[in-house]
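This report concerns only the one structure given below.
Every heavy atom of this structure was used, including side-chain atoms; hydrogens, water molecules and symmetry mates were not.
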Amino acid sequence: MMCQLYIICILITVFVIPFNFGIEIPEKFQKSNHTNNWAVLVDTSRFWFNYRHVANVLSIYRSVKLFGIPDSQIILMISDDMACNPRNPRPATIFNNAHEQINVYGDDVEVDYRGYEVSVENFIRLLTGRVPPDTPRSKQLLTDEGSNILIYLTGHGGDGFLKFQDSEEVTSQELADALEQMWQKRRYNEIFFIIDTCQASSMYEKFYSPNILATASSLVGEDSLSHHVDSAIGVYIIDRYTYYVLEFLEHAFSSSEKTMTEFLAVCPKSACLSTVGVRSDLFKRDPSKVPITDFFGSVRPVTITTDPIDILDIPKRKKTEKQNKTNVLEKRKYLPQFPVHLVQGSA
Amino acid sequence: MAVLLIIFMTAVFGAFGDDFIEEIFIKPLPPTHLYSYFQFITLINNNDSFVHSNLSPRSIGEVISRFKVEELHLTLTEGQWRHNQWGYPVVDAAPGAELYAWFDPEVEDIDAEWRKLSATLSGLFCASLNFIDSFNTITPQMALWPTGPVKSNVNVTSLLRYASLPREIVCTENLTPWKKLLPCESSRGFSALLNSRMIHNTNYHSIGVHVRKVCASEDCTETKLEIKQTVALVYDYKIIGSNNWSFIKLFGHGLPGACPLATTSTIYIDITSNVTFPFQLSPPPDKIVSSHRGGSVTNLAVYNIETDVEMINVGVKHNSKEKLGVNVPPPLHFNRYVLGYGKEFGGIVTELINNYWTAIDVVVLENAPWWLPIQLSSLRINSEAESKLVKSQYYSPGRSRQKPYHLELLLTLPPRSTTTITIDFEFVFLKWQEYPPDANHGFYIGSAIVTANLPTAKNYTSIPVSGISYNSTFNASQPWYPAVFRTNGAMVSLPTPDFSMPYNVICLACTVVALAFGPLHNICTKELLLKPIGTPLSLTQKVLNFFKRKKE
């Protein structure tokens, strides 16, 4: 057993050492001191004709997952069921392109909040961490002061508000206050806030907490427009801004040296038909020196060591005290699966 | 090395005695449908702690031990099982989500643990089970009984909690975590067939997790924990394209062999309908079993699947073109619908049809949400207020926003009869904030549960309570064949306010105020003066008049 462990340790060192010299962070990137990455992806609109918003959010979900953020660190909120909607002629799929190239729903999607659960209350509770006591881990944003959070919102909005489920709204002031509460509770290191709605930039104008970089698909007074319609299902399939963001992210896998400045310039007015808004005054670093992987990728803490680790020294799990109860062997039996006693009693 | 590894692994699994069984049962439902039922059973010998888990899913194990759950049933279903056309499924499930569990007698506050359990399961299965609360939970008295062995002096009814969410949607995000509980996940074995694009393209699909204890010894002083994961699918031949089905047509690809961790991997295909609708199976089965159960004969083709085999594509070719057959309904089937018009009163009707030549005992459980009050005084059975058919009755009135209405009836259905249970309800106004965002879609009422003690095994496919794998149904004649069915759900439209009304009121009120204010303001601030009427004066005359006035 010992012998095997040593072999494993040696193998690990042999494989790990070369990387020690191989990886170098390009100098043009300012170092970030975040230790983990999270993503909150929210689609706020219900009803079939808002198919494109679900496609938007799932496209971003797919991208951040491919960049390496694990499902446990992605909170995905989808207001309505489009994939298994009776109106969807291709069940369990959602495409972001009329050519049906990529099924963004995939085979391993995990939706954390869905249907009626997507409400303003749950969204604010999730951000601020004030969730009910029995909330499972998959429905909590378990961030700390070293977390970089990507927040992506899509839906229908107006000047200073974003509609949830066509029945309630979150205002820009409420959102700004929630982010401030997160900052005071040390729930983030940096936030990258993306919003794709009409008059989107009104949502970040009230922000006053530090370390937030925000971008929006349109300025106040402008509409964000959809990209193209899929005549097979009769609805618009994706929004312009997200379409170009996705195009950018699809090409970014090969070279992850892209910076946030490139990301912020992803959709010029000629393509988006609306002006992409950016707010960087709260952000302390220069976006041109921040790699997109600081928000879209995932940090995996790796400690490289050349010293062998003596695994046997790990403290043993405390054995639960054996109960002194003498285990009385009690007979069990299968019950009849029908209240036969009541029938016979009355008969 | 590989041999050593295998020996080592068998030693480990042998010592702990975890078993994994995977089975598929396929039954044609002529003339138009095909039923396929998957069950993955994990048997755990050491069910006290889940610090070490071998084949069992640790996440489920921890839930069971943390909340002291004795038995748990969770199903997520889309579509409605049509009993009168399709006969009986192996495991029936209500549309939407359905959860029920028996707790350990040691649990002090069962309601609190129940809420925690549903919240935890909602995270585990990506379903909105956290909407389960006291206002939609009931404790069935007669309809549900534990399928695992229980100690003799325990009142099992008080330990049971039941809730259903008929609106719950079921899609890939529920299947993903479900598949991750299996030892081979979806990479090998029968679960590799469960491709979400194919299984959601069916008329009925249901995934389930059923946890119970089973006897490990003859006298049942020791128990094992059984975690059974099920998938039930009903394919429509129209969607497949023809009635000649194969695994590639049903699941998108063939079977890549058994899960290497499984003790047995078996496919059973019901070929009883071969007599009326002749077909050929390919590849030929390993054996054909004829099972005599309660007077009805079932012929099953059995395939034992090995680990290292080429892709298997079990399929059926019909000899002739599609034929229409007379559909013989099963001994007991039912129907449920909503009565009434307007937004004040309505009623729910449950029809129970007994086709058999003897009487059948059934328990009917009606579960109405608090916003649909059903009154016991309005209960009519075959239009009679006091019916001789009722052997026992339980009614628990609901309370607004706290408790649902719960009615259970133990009935004896006379031979060859239709029994109609009618109960009236009234519509309740919800508070403005309580309406869901799509209130005009309508409100779902959960299925009624029908527990029957069938005297015949006709159409009966369920596994006997003491059995584990599907082959325990072979020649398993019993005096009674108990089964739990769910009727179809229903939908009502509650009196829904016009949500744009506040806006309209503001617009209208403002218009009225503006119309009233203008004239009133004019009257109050302006003085009416008489204006001399005459021929208009010329400019020179005006100047002359001005100077004249000065002089005066």
Side-chain angles (χ1 to χ4, degrees), chain A residues 46-47 71 76 78-86 88-93 103 105-119 132-140 164-168 317 319-320 328-340 342-343 345-347, chain B residues 49 51 78 115-116 119-124 126-128 130-131 141-142 145-152 156 167-173 176-177 186 195-197 199-201 213 215 219-223 361 363 391-392 410 412 435-438 451-453 465-466 480 482-484 499:
Chain A
R46 178 170 277 275
F47 303 121
D71 242 332
L76 181 60
I78 294 183
S79 294
D80 203 354
D81 168 44
M82 299 298 170
C84 290
N85 196 303
N88 191 349
R90 311 169 293 220
T93 59
N103 171 20
Y105 213 55
D107 246 347
D108 56 348
V109 63
E110 285 186 17
V111 184
D112 300 303
Y113 285 80
R114 63 177 194 174
Y116 299 143
E117 287 176 276
V118 184
S119 60
D134 301 324
T135 310
R137 284 179 76 89
S138 68
K139 291 187 176 184
Q140 291 187 44
F164 269 70
Q165 303 252 8
D166 212 23
S167 71
E168 50 181 354
R317 192 191 288 267
K319 277 192 178 175
T320 44
V328 183
L329 288 176
E330 220 176 325
K331 265 196 184 181
R332 286 166 175 260
K333 65 169 199 247
Y334 291 107
L335 290 182
Q337 300 294 297
F338 192 82
V340 190
L342 293 172
V343 183
S346 61
Chain B
S49 77
V51 178
E78 183 78 48
R115 228 164 291 141
K116 286 183 203 162
T120 312
L121 290 173
S122 88
L124 207 56
C126 292
S128 313
N130 47 328
F131 285 137
Q141 303 290 314
M142 294 182 283
W145 297 91
T147 54
V150 291
K151 290 170 187 164
S152 50
V156 285
R167 183 74 209 267
E168 190 64 21
I169 44 181
V170 184
C171 208
T172 315
E173 67 262 26
T176 310
S186 55
N195 167 4
S196 75
R197 280 185 80 166
I199 75 163
H200 290 105
N201 202 5
K213 290 200 163 92
C215 290
D219 58 350
C220 212
T221 47
E222 287 165 41
T223 55
D361 292 324
V363 175
K391 294 287 180 288
S392 180
L410 174 61
T412 301
Y435 284 97
D438 52 351
T451 305
N453 212 18
V465 69
S466 56
W480 301 103
V484 184
F499 292 103

Closest heavy-atom contact between [X] and [Y]?
| X | Y | answer |
| --- | --- | --- |
| Ile169(B) | Arg114(A) | O-NH2, 2.6 Å |
| Phe47(A) | Asp438(B) | CE2-CB, 3.7 Å |
| Gly106(A) | Ser196(B) | O-OG, 4.3 Å |
| Asn201(B) | Pro91(A) | OD1-CG, 3.6 Å |
| Cys171(B) | Ala83(A) | SG-CB, 3.7 Å |
| Tyr334(A) | Val465(B) | CE2-O, 3.7 Å |

Side chain, backbone, both or neither of [X] within contact of chain A (heavy atoms, under 4.5 Å):
| X | value |
| --- | --- |
| Ala483(B) | neither |
| Val484(B) | neither |
| Phe131(B) | side chain |

Return the [atom1] to [atom2] distance between [X] and [Y], rounded to the nearest 0.5 Å.
| X | Y | atom1 | atom2 | result |
| --- | --- | --- | --- | --- |
| Thr93(A) | Arg197(B) | OG1 | CZ | 5.0 Å |
| Glu78(B) | Asp81(A) | CD | CG | 7.5 Å |
| Leu342(A) | Met142(B) | CG | CE | 6.5 Å |
| Thr135(A) | Asn130(B) | OG1 | CG | 8.0 Å |

Open item on the list: Between Arg332(A) and Lys213(B) (side chain of the first, backbone of the second, donor and acceptor by atom type, cut-off under 3.5 Å), is there such a pair?
Closed with: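 No, because the side chain of Arg332(A) does not come within donor-acceptor range (under 3.5 Å) of the backbone of Lys213(B).
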
Give the member of [options] that has the highest number of heavy-atom pairs under 4.5 Å with chain A.
| options | answer |
| --- | --- |
| Gly123(B), Ser122(B), Ser128(B) | Ser128(B) |
| Pro482(B), Cys126(B), Ala119(B) | Cys126(B) |
| Thr451(B), Thr221(B), Val150(B) | Val150(B) |
| Ser186(B), Pro177(B), Cys215(B) | Cys215(B) |

Open item on the list: So which residue, Gly115(A), Pro133(A), Cys84(A), ends up with the most heavy-atom pairs under 4.5 Å with chain B?
Closed with: Cys84(A)

TODO: Determine the option with the most heavy-atom pairs under 4.5 angstrom with chain B, choosing from Gln165(A), Lys333(A), Arg137(A).
DONE: Lys333(A)

Open item on the list: Under a plain distance cut-off of 3.5 Å, with no hydrogens placed, do Thr176(B) and Asp108(A) share a side-chain donor-acceptor pair?
Closed with: no

Task: Within-4.5 Å side-chain heavy-atom neighbours: Tyr116(A) and Pro437(B) - done: yes

Task: Residue pair Pro146(B) / Leu335(A), side-chain heavy-atom distance below 4.5 Å - done: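 SC-SC contact between Pro146(B) and Leu335(A) confirmed.
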
Task: Lys331(A), part contacting chain B, at a heavy-atom distance under 4.5 Å - done: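 Both parts, backbone and side chain.
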
Open item on the list: Apply side-chain contact (heavy atoms from CB on, under 4.5 Å) to residues Glu173(B) and Ile78(A) and explain how you reach the verdict.
Closed with: CA-CA 11 Å; Glu173(B) 67 262 26; Ile78(A) 294 183; over 6 Å; no

